[in-house]
Amino acid sequence: MFSGYKNAWSDEQAYTEVYRNSIQNPNEFWQSHARGISWKIEPSIVFDAVTGKWFSGGISNVCYNCVDRHAIATPEKPAIIWYGDEEDERREISCAELLRMVIRIASILKSRGIKKNDVVGIYMPMIPEAVAAMLACARIGAIHLVIFAGFSPEALKYRLTKSNAKVLLTVTSFRRGGKEIELVNRISDAIDIDIINLDSITYPDNINADIEWQNSDDDLFILYTSGSSGNPKGVLHSALPYMLYVAATFKVIFGIKRDDVYFCTSDVGWITGHSYITYAPLFYGLTTVIFSGSPTYPSAERYWQIIENEKVNIFYTAPTAIRSLQMFNKKLVKKHDLSSLRVLGSVGEPINKSAWKWYFETVGNRRCPIMDTWWQTETGGIILAPLRNLEQKPGVAGKPFFGVETEIIDGELVLKGHFPGMCKSIIGAENATQDGIFRTGDGAAYDGADIKISGRMDDVINVSGHRLGTAEFECAISKVAGVREVAVVAVPDELKGQTAFAYIVPNATDIAPEMLVKKVIQSTRTTIGSIAKPDYIAIVPDLPKTRSGKIVRKLLKNIAMGSDALVDISSVANPQIIETIKIITQNSIFVPNMCKL
Ligand code: WTA
């Protein structure tokens with residue numbers, strides 16, 4: 001089965017042997033993968049289990065490994081193929097051209113005084129320059145901080161300020177789904193920072209972008225993600241150990257070949273766009289296809305056209321995208337020749353059976369294994385995947401990657417010990433990795449010898465694969481003048497996986513509900529971004545609370561989900577409100593999509 005996809009652990013026993021060895025002799029396992037790294041000075045040992053240190057004495061550079069060495073070896077080979085919003089918008093960036101782009105951006109950063117360890121903000125759409133900007137930072141030892149272009153200027157400002165960023169790289173605007181979206185004009189008034197607009201810049205005459213050699217303690221990037229506390233948290237990743245982890249997982253899980261064309265539909269604004277659009281494919285000198293348009297504009301065939309045109313071998317996308325494309329006629333897929341595909345990947349949310357089946361049958365033609373990959377911003381790279389190709393279980397991510405120890409404690413997936421992808425620190429959640437144990441916040445259970453993920457156990461909502469905290473929503477909504485109190489809970493959504501349901505108590509009875517809803521949506525949009533819209537809003541006279549005044553969210557969640565399994569209400573101080581909330585919930589206001597981003 002899956003003749004195009006071969007690995008050495010295609011059955012349970014082979015996997016178990018390789019896995020056991022990787023845990024018992026981590027240095028040996030990681031050494032075999034570190035051989036692919038080009039060093040300036042080779043490390044004396046890859047992993048020292050006594051000190052927990054990676055690459056003792058080793059010196060290298062991430063940009064050198066992902067760009068320079070391929071510009072020397074295969075200068076003409078396409079490193080990046082970009083597709084824009086319209087079908088005829090295509091750019092091909094060779095390895096040599098990518099190096100030139102990286103050097104130009106790095107020299108601008110240097111001319112603005114950026115030095116090693118300075119933080120550089122990147123607020124850009126999915127264009128080759130965004131990838132080049134990340135690599136330019138890596139080249140000069142600066143720490144990049146990519147902020148998804150769909151986040152609002154306020155969310156951007158929070159991240160830049162918290163991380164003490166020195167400059168911000170951006171562009172004038174971009175097009176998505178047929179609409180022009182402004183960037184530079186949206187931010188220049190709101191934020192006091194040195195802004196470099198990459199499409200109207202004159203590059204300095206003196207190109208000065210020497211490689212800053214990195215050792216194992218040096219950092220590569222900060223990326224913000226949502227946690228269960230109010231504010232988003234900054235996840236800091238190292239340079240060289242992170243590169244080793246994303247490279248090793250990519251090679252093993254996708255079974256890559258040297259001339260593969262690889263297409264991942266994520267965005268550099270998320271961790272998948274860092275690890276598996278930028279660093280892992282470019283480390284191996286593969287061609288990485290990037291797309292800045294919408295999968296359904298101008299028709300729902302964009303992914304299939306791109307796969308056919310570029311003869312894509314590995315395709316990596318999210319369940320939300322699959323579910324939204326599954327609604328269209330199969331013919332839109334079947335009219336394209338997708339026979340180049342060898343492996344399919346899924347990431348970001350649990351994949352439901354019907355989406356899995358459609359992906360496997362209609363897109364993969366039953367020929368391609370589906371790598372359902374579970375991981376997080378904090379882990380840098382993939383942790384769970386179906387590391388066996390004889391049997392496919394829809395919706396079961398499967399086995400831990402080699403060298404990573406997992407356990408399920410009280411129904412929660414927990415990671416133990418050291419592996420090179422784990423972030424160095426989390427700004428805003430400093431105790432997260434205490435005692436060598438990392439609680440993932442995801443519910444999990446064993447399915448035979450495999451692990452099946454059920455979803456978040458904490459106050460994080462996963463909307464279309466995007467992590468958003470209920471506390472972030474509540475913070476944005478409580479800013480609205482007419483709002484006295486708010487509680488936001490997650491409810492299942494057929495298309496997005498989950499969505500936000502907001503219960504709002506107005507501070508006066510004469511406020512028109514339509515007006516309040518409008519203001520609430522406006523506030524989530526300006527505080528977080530247009531991806532953070534609650535789909536349902538119920539305006540209620542009060543919220544259920546304990547005697548000490550704590551909102552009983554679990555009860556609200558059950559009501560929102562229409563579940564009769566009400567939690568113990570003996571702790572609710574105002575139980576008379578429950579019936580009223582139930583009735584209003586049934587007539588809650590559905591807020592239709594207003595913006596695609
Ligand atoms: C969820 C994205 C089920 C999970 C790479 C996790 C998944 C959160 C899967 C991390 C999967 C990701 N199956 N759930 N295959 N992949 N998740 O940090 O809840 O943006 O905790 O990283 O996405 O989201 P993050």
Side-chain angles (χ1 to χ4, degrees), residues 146-148 150-151 221-228 232-237 242 245-246 249-250 253 264-277 279-280 316-323 344-353 355-356 359 370-387 392-401 406 411-415 421-423 426 429 432 438-445 447 450-470 472 490 492 496-498 531-532:
V146 182
I147 299 104
F148 176 55
F151 278 130
F221 65 86
I222 300 172
L223 181 62
Y224 275 76
T225 187
S226 296
S228 40
K233 49 189 189 172
V235 179
L236 175 71
H237 275 283
Y242 163 85
Y245 192 69
V246 298
T249 46
F250 188 63
I253 292 163
C264 170
T265 65
S266 184
D267 184 294
V268 287
W270 311 109
I271 189 69
T272 308
H274 284 57
S275 305
Y276 300 109
I277 282 183
Y279 292 110
Y316 194 24
T317 193
T320 293
I322 299 168
R323 285 192 295 266
L344 298 172
S346 170
V347 59
E349 332 145 50
I351 181 165
N352 51 305
K353 282 203 173 124
W356 191 97
Y359 199 28
I370 294 180
M371 293 293 127
D372 176 1
T373 62
W374 178 94
W375 55 296
Q376 302 181 310
T377 306
E378 294 86 336
T379 68
I382 299 167
I383 297 289
L384 301 178
L387 284 165
Q392 289 265 288
K393 289 189 201 166
V396 178
K399 310 258 190 235
F401 187 69
T406 53
E412 181 179 11
L413 181 70
V414 164
L415 310 181
M422 192 64 204
C423 61
I426 304 174
F438 174 68
R439 304 176 72 93
T440 65
D442 272 51
D447 179 309
D450 292 320
I451 296 172
K452 183 174 166 59
I453 296 286
S454 53
R456 299 293 302 197
M457 299 171 78
D458 54 10
D459 293 327
V460 172
I461 312 187
N462 192 330
V463 184
S464 303
H466 302 148
R467 264 168 83 167
L468 296 162
T470 51
E472 283 172 72
K496 302 175 181 179
Q498 284 188 316
I531 50 166

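For the single chain, residues carry numbers from 1 onward in sequence order. For clarity, every value in this text was computed on a predicted model and none was experimentally measured. As the structure lists them, so they are numbered: ligands from 1, and atoms in each ligand from 1.
For the residue pair Glu412 and Thr440, no side-chain donor N or O sits within less than 3.5 Å of a side-chain acceptor on the partner.
Using a 4.5 Å heavy-atom cutoff, the side chains of Ile271 and Thr379 are not in contact.
A search for ring-ring contact (aromatic ring centres under 6.0 Å, His included) contacts involving Trp356 returns Phe360, not counting sequence neighbours.
Here the two rings, on Tyr276 and Trp375, have centers that are under 6.0 Å apart. Taking the ring centroids of Tyr279 and His274, they lie at or beyond the 6.0 Å cut-off.
The side chain to side chain contact (heavy atoms under 4.5 Å, CB included) with Tyr316 is formed by just one residue from the set Thr265, Thr373, Leu344; it is Thr373.
Listed by chain and number, residues touching ligand 1 at under 4.0 Å (heavy atoms only) are Ile271, Thr272, Val347, Gly348, Glu349, Pro350, Asp372, Thr373, Trp374, Trp375, Gln376, Thr377, Asp442, Ile453, Arg456, Asn462, Arg467.
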